[in-house]
Student: 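Here's a structure for you.
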Amino acid sequence: MKRILLSCFLLLSVYTLRAQDACLNDVVNTLKERISLAGYAQVGYTYDDAGEKASNTFDLKRVIFMARGKITDKWSCYFMYSFANTGKILEAYTEYQFLPQLTARIGQFKTMYTIENPMSPCFVELINCYSQAVNYLAGINGSDPLYGSNSGRDMGLLIYGDLFKKKVSYNLAVMNGQGINLKDKNNHKDIVGSLMVHPLDWLSVGGSFIKGKGCAVAASSVNPDIAAGDSYVRNRWSAGATIQTKPVSLRTEYLAGKDGHIKSDGYYATASVHVFPKFDVIASYDYFNKDKAQDYKQSNYVAGVQWWFYPKCRLQAQYTYCDPHKGESSNLLQAQLQVRF
């Protein structure tokens, strides 16, 4: 009798373990199908002789972790976190595809203003990533003290999609206008929109705009009439085009903004010549005028190379000649290594 009971217990244990293994395998396989993880790091060296004393330093530009979860075939969520410098949440949103031409997103994400701002730093050709005008008008790097440093992101509700067999792409959003990880401080919402037309496989043309009222996070010498905490008119628009061919990629755009009574504008053209399958020569012209009335402008000329030594991994080297209208010109030398999984 004891032998029979022991045999039954052993059989039950084996069956339970197999059932647990099968259940665990199902969970693991489901997670593999439903959750995708990614990340990248950009490290480099910078020499800059702007100002009274030249500086050179190794720097850690970005360390990013990304996770996307597929809840259903039409419903998903996304999370992005930055570990570089002070850690912070960059993006956190959920979206649902109602139709092939209509997807709704709510949370924190890139503002769909300009061609450049929605682009990932992993694929932008320049080590400094974005043009002066985009950095300033999209609130990316804090060059506009009124807007602050928000990495071009904000909180809100977005609808987007492709129409006419993907010949037209649209984005329309209602955003706080306050930037990342912050509640709206003036209860005025920004309306953000963009429209791109793709008449040919290699050509896209279109524009974007922001219409709203900002709440200044700090004072600005360019706009001294606006104090920290003041609400002010903050409008922007842009128009541009991209060309994507095997030998050459080109992106160009004109941008304009109005903060209170101060008007600004700028434009850029960035080209990438694909000399070899994994080697590109980069050239860019970048102009921006923070205050058209005072002619507060600067032009940057960039030349460099990049080598894609592994999928999504590259080594870059660039030289930038900075020519301000007021003040001394300067030179910027940069090298950067990007790794991504």
Side-chain angles (χ1 to χ4, degrees), residues 26-27 29-39 64-81 89-123 138-139 150-184 187-213 235-242 244 253:
D26 288 342
V27 171
N29 291 333
T30 299
L31 289 176
K32 286 182 179 179
E33 294 174 358
R34 295 290 178 178
I35 298 177
S36 58
L37 305 178
I64 304 294
F65 170 78
M66 298 166 282
R68 184 179 294 278
K70 185 179 178 182
I71 302 170
T72 68
D73 290 341
K74 295 185 177 182
W75 183 19
S76 65
C77 59
Y78 184 78
F79 177 79
M80 178 186 288
Y81 190 85
I89 298 173
L90 292 180
E91 297 188 16
Y93 62 80
T94 184
E95 62 182 23
Y96 189 87
Q97 185 183 57
F98 291 94
L99 298 168
Q101 303 82 11
L102 175 64
T103 300
R105 175 186 297 177
I106 187 168
Q108 179 168 288
F109 45 85
K110 280 282 188 82
T111 303
M112 299 301 169
Y113 169 63
T114 77
I115 296 171
E116 276 198 339
N117 186 47
M119 295 177 65
S120 168
C122 286
F123 303 104
N150 297 301
S151 66
R153 293 173 170 88
D154 201 358
M155 296 183 188
L157 172 66
L158 166 73
I159 58 172
Y160 70 94
D162 298 317
L163 305 172
F164 311 116
K165 296 182 178 180
K166 297 186 177 181
K167 291 295 184 181
V168 176
S169 303
Y170 74 91
N171 294 274
L172 185 62
V174 179
M175 314 289 286
N176 278 345
Q178 200 61 54
I180 62 173
N181 305 323
L182 291 172
K183 293 182 179 180
D184 199 346
N187 293 325
H188 292 281
K189 299 297 180 283
D190 286 0
I191 306 298
V192 184
S194 71
L195 186 71
M196 292 295 292
V197 181
H198 316 286
L200 301 170
D201 291 340
W202 52 269
L203 175 65
S204 299
V205 295
S208 62
F209 72 91
I210 300 176
K211 184 172 179 59
K213 277 192 174 182
N235 296 330
R236 282 101 170 82
W237 67 274
S238 71
T242 64
Q244 295 285 345
E253 198 167 15

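What's counted below: heavy atoms across the whole structure, side chains too, no hydrogens, waters or symmetry copies.
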Student: Counting only N and O atoms by type, is there a donor-acceptor contact under 3.5 Å from the side chain of S76 to the main-chain atoms of G69?
Tutor: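 Side chain of S76 to backbone of G69, a donor-acceptor pair under 3.5 Å: no, none is there.
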Student: Would you say the side-chain atoms of S208 pair up with the backbone N or O of T114, donor to acceptor, closer than 3.5 Å?
Tutor: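 Checked: pair present.
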Student: Just wondering, are more than 12 heavy atoms of other shown residues or ligands nearer than 6.0 Å to CZ in F123?
Tutor: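 Enclosed.
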Student: Please determine which of L102, D162, V197 meets the side chain to side chain contact (heavy atoms under 4.5 Å, CB included) test together with Y170.
Tutor: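 Running side chain to side chain contact (heavy atoms under 4.5 Å, CB included) over L102, D162, V197 with Y170 returns exactly one hit, L102.
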Student: So do the side chains of V192 and N171 get within less than 4.5 Å of each other, counting heavy atoms only?
Tutor: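 Contact flag for V192/N171 side chains = no.
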Student: Write down the atom of L182, the atom of N176, and the distance for their closest heavy-atom approach.
Tutor: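 Minimum heavy-atom separation between L182 and N176: O-ND2, 3.9 Å.
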Student: Does the ring centre of Y81 sit less than 6.0 Å away from the ring centre of F65?
Tutor: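 Not under 6.0 Å, so no.
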Student: Quick one: does Y93's side chain have a donor or acceptor within less than 3.5 Å of a partner on C77's backbone?
Tutor: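 Not confirmed, Y93 side chain does not pair with C77 backbone.
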Student: Between Y160 and M112, is any pair of side-chain heavy atoms under 4.5 Å apart?
Tutor: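 No, side chains not in contact.
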Student: Of the options Q108, M175, K110, which is the one that meets D154 in a side chain to side chain contact (heavy atoms under 4.5 Å, CB included)?
Tutor: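 Testing D154 for a side chain to side chain contact (heavy atoms under 4.5 Å, CB included) against Q108, M175, K110 leaves exactly one candidate, M175.
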Student: S120 side chain to C122 main-chain N or O, any donor-acceptor pair under 3.5 Å?
Tutor: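 Yes; at least one donor-acceptor contact below 3.5 Å.
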Student: Which pair of heavy atoms, one from I115 and one from E253, lies closest together, and at what distance?
Tutor: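 Distance-wise, the nearest heavy atoms are N-OE2, 2.9 Å.
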Student: Locate the shortest heavy-atom distance separating N117 from S151; write the atom from each residue and the value.
Tutor: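 Minimum heavy-atom separation between N117 and S151: OD1-O, 4.4 Å.
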Student: Could you pull out the closest heavy-atom pair between M196 and S204, with the gap in Å?
Tutor: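 It is CE-CB, 3.7 Å.
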Student: Mind listing the closest non-hydrogen atom pair of H198 and K166 along with its distance?
Tutor: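 Residues H198 and K166, closest heavy atoms: CD2-O, 3.3 Å.
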Student: Please check if the number of heavy atoms outside K189 that lie under 6.0 Å from its NZ is greater than 12.
Tutor: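 Counting other residues, nucleotides and ligands, NZ of K189 exceeds 12 neighbours.
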Student: For F79 versus A92, what's the shortest heavy-atom pair and its separation?
Tutor: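 That closest heavy-atom pairing would be CD1-CB, 4.3 Å.
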Student: Answer whether the closest heavy-atom distance between the side chains of V168 and L195 falls below 4.5 Å.
Tutor: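 The answer is yes; the side chains approach within 4.5 Å.
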